[in-house]
Amino acid sequence: MKSEPDEASIDDLATRGTLPWTGVRNYQARNFMRDVMRLGDGVLFYHSSCPEPGIAGLAEVSSAPYPDPTQFDPKSDYYDKASKQEAPRWSLVDVKFVRKTPLIALPALREYDALADMVVLRRGNRLSITPVTPAEWRFITEKLMK
DNA sequence: GCCAACGTTGGC
DNA sequence: GCCAACGTTGGC
């Protein structure tokens with residue numbers, strides 16, 4: 001899951017313990033949270049749009065999906081006037097801090113053959129939430145985060 | 001700031 | 001339904 005550290009960094013998550021993953025306004029990314037993720041699923045916390053993009057820590061899905069409250073808040077940057085209370089358009093999950101890791105910077109991620117097909121690394125990928133295969137998860141957590 | 005690679009919008 | 005124009009993401 002990508003986050004701009006200016007908005008929510010791994011340190012912010014460590015301080016808060018849990019964060020609602022607000023602000024996703026892309027249907028594919030929403031579908032991952034709403035339809036694919038399960039309570040307890042592992043999360044690679046990725047810092048994007050910053051001086052050193054890369055994986056900065058581990059987290060965990062800590063809620064079932066529920067409507068993103070910011071879509072109904074006219075004062076929010078994420079307000080969606082077309083979304084109705086009775087048919088919310090945007091869902092999210094809560095994400096719980098697990099631990100910080102040494103930063104695995106984007107150029108380093110690109111060097112590993114085992115990660116060659118990782119969705120987040122694909123050319124032109126802009127999705128803020130992408131799936132990680134079990135093999136990719138094992139490779140990153142076991143080999144790189146000892 | 002640039003630009004590739006999308007996704008969304010809206011006219012038709 | 002098509003597609004051009006526009007907006008966004010995100011690395012560099």
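Every chain is numbered from 1, with letters handed out A, B, ... down the list of sequences.
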Atom OH of A:Tyr27 to atom C1' of B:dT9: distance rounded to whole Å? 12 Å
Tell me, do A:Asp68 and A:Met33 make a side-chain contact under 4.5 Å, heavy atoms counted? no
Roughly, in whole Å, what's the span from CG in A:Asn125 to P in C:dC12? 13 Å
Between CE of A:Met1 and C1' of C:dT9 the distance, given in whole Å, is 17 Å
Quick one: do the A:Thr70 and A:Asp73 side chains pair a donor with an acceptor below 3.5 Å? no
Figure out the CG/C1' separation between A:Asn26 and C:dG10, and round it to whole Å. 14 Å
Between C:dT8 atom C1' and A:Asp80 atom CG, what is the distance in whole Å? 16 Å
Partners passing ring pair (Phe, Tyr, Trp, His ring centres under 6.0 Å) against A:Tyr78 (at least two apart in sequence or in another chain): none
Expressed in angstrom and rounded to an integer, what is the separation of A:Arg122 atom CZ from C:dG11 atom P? 16 Å
Do the side chain of A:Lys2 and the main chain of A:Leu127 share a donor and acceptor less than 3.5 angstrom apart? yes
To the nearest Å, give me how far apart CZ (A:Arg25) and P (C:dG10) are. 15 Å
Any side-chain N or O of A:Lys2 below 4.0 angstrom from OP1/OP2 of C:dT9? no
Polar-atom pairs under 3.5 Å, protein N or O versus N or O of nucleotides 1-7 of chain C: list them with distances, or write none.
{"unit_1": "C:dG7", "atom_1": "N2", "unit_2": "A:Arg126", "atom_2": "NH1", "d": "3.4"}

According to a strict under-4.0 Å criterion, is A:Tyr46 in side-chain N/O contact with OP1 or OP2 of C:dG11? yes
Measure from CZ on A:Arg110 to P on C:dC12 and round the result to the nearest Å. 6 Å
Donor-acceptor contact below 3.5 Å, side chain A:Gln71 vs main chain A:Arg89: yes
So do the side chains of A:Met118 and A:Ile140 get within less than 4.5 Å of each other, counting heavy atoms only? yes
